[in-house]
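Only one structure is covered here, and it is reproduced in the block below.
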Amino acid sequence: QVQLVESGGGLVQAGGSLRLSCTASGRSISSYHLGWFRQAPGKEREFVAVSKGNSGAEWYADSVKGRFTISRDFPKDTVQLEMNNLESGDTAVYYCAADGGRSWSIQAERYDYWGRGTQVTVSS
């Protein structure tokens, strides 16, 4: 069993930066793929970034590539999302998720555990 808790959301002006954090408890998640997803009102939940289990290799959605950076501290069972050059389109509730499967995925359905989310609002 894994519990995930996000923090760091808030209000920021366009062009600004924000750093989200997710802490895991219950068991070690070193082998889990840790993903960040976001959901805006009226839209489906979409993939943002993933840190692959064991290796920590990164993969990003095209919409955030070059602006966002995902990182994790394996011993501390934490994952962060550094968001730079924020745009109004980045406004959403951001969720941390964990996937215990062998292969990694950008599909939300593949993830087994979810945090409750943290709101990110970008003003223009």
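The model shown is predicted, which means the values in this text are computed figures rather than measured ones. Counting begins at 1 with the first residue of the sequence.
No more than 12 heavy atoms of other residues, nucleotides or ligands sit less than 6.0 Å from atom NZ of K76.
A salt bridge links R38 to E46: one of the charged nitrogens lies within less than 4.0 Å of a carboxylate oxygen.
Under the 4.5 Å side-chain contact rule for hydrophobic residues, F68 and V79 share a cluster. Following chains of ILVMFWY side-chain contacts shorter than 4.5 Å, one cannot reach W104 starting from V48, and the two form parts of different hydrophobic clusters. V50 and Y32 sit in two unconnected hydrophobic clusters of ILVMFWY residues. Membership requires side-chain heavy atoms under 4.5 Å apart, directly or through other members. Under a hydrophobic-cluster definition in which Ile, Leu, Val, Met, Phe, Trp and Tyr are linked whenever side-chain heavy atoms come within less than 4.5 Å, directly or via other members, L81 and Y113 are assigned to the same cluster.
How far NE2 of H33 is from CZ of R110: 7.5 Å, rounded to the nearest 0.5 Å. Annotation: the span from K65 atom NZ to W59 atom CH2 amounts to 5.5 Å, rounded to 0.5 Å. Taken from OG in S51 to CZ in F74, the straight-line distance is 5.0 Å, to the nearest 0.5 Å. Rounding to the nearest 0.5 Å gives a distance of 12.0 Å between NZ of K52 and CZ of R72. Note that CD of Q119 and OH of Y94 are 9.5 Å apart. Values are rounded to the nearest 0.5 Å. Distance check, rounded to the nearest 0.5 Å: OG1 of T69 to CZ of R19 gives 9.0 Å.
Across every non-hydrogen atom of L11 and S123, the tightest pair is CD1-CB, 4.2 Å. Taking every heavy atom of both residues into account, D99 and Y111 meet most closely at CB-CD2, 3.4 Å. Between L34 and A98 the shortest heavy-atom distance is CD2-CB, 3.7 Å. Taking all atoms of both residues into account, the shortest heavy-atom contact from G115 to Y95 is O-CD2, 3.5 Å. Heavy atoms only, all atoms of each residue included: L86 and R67 are closest at CA-NH1, 3.9 Å. Closest heavy-atom contact between S17 and N85: OG-N, 4.3 Å.
T91 places a side-chain N or O within donor-acceptor distance of the main-chain N or O of V122, the cut-off being under 3.5 Å. Looking at Y60, its side chain does come within 3.5 Å of a backbone N or O of I70 through a donor-acceptor pair. Between the side chain of E6 and the backbone N or O of G117, at least one donor-acceptor pair lies under 3.5 Å.
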List the steps and the verdict of ring-ring contact (aromatic ring centres under 6.0 Å, His included) for F37 and W114.
CA-CA 10 Å; F37 292 79; W114 293 83; 5.1 Å; yes
Between S28 and D77, is a side-chain contact (heavy atoms from CB on, under 4.5 Å) present by the stated rule, with each step listed?
CA-CA 6 Å; S28 173; D77 286 343; 3.8 Å; yes
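At a cut-off of 3.5 Å, with distance as the only test, no side-chain donor of S31 or N54 sits close to an acceptor on the other residue.
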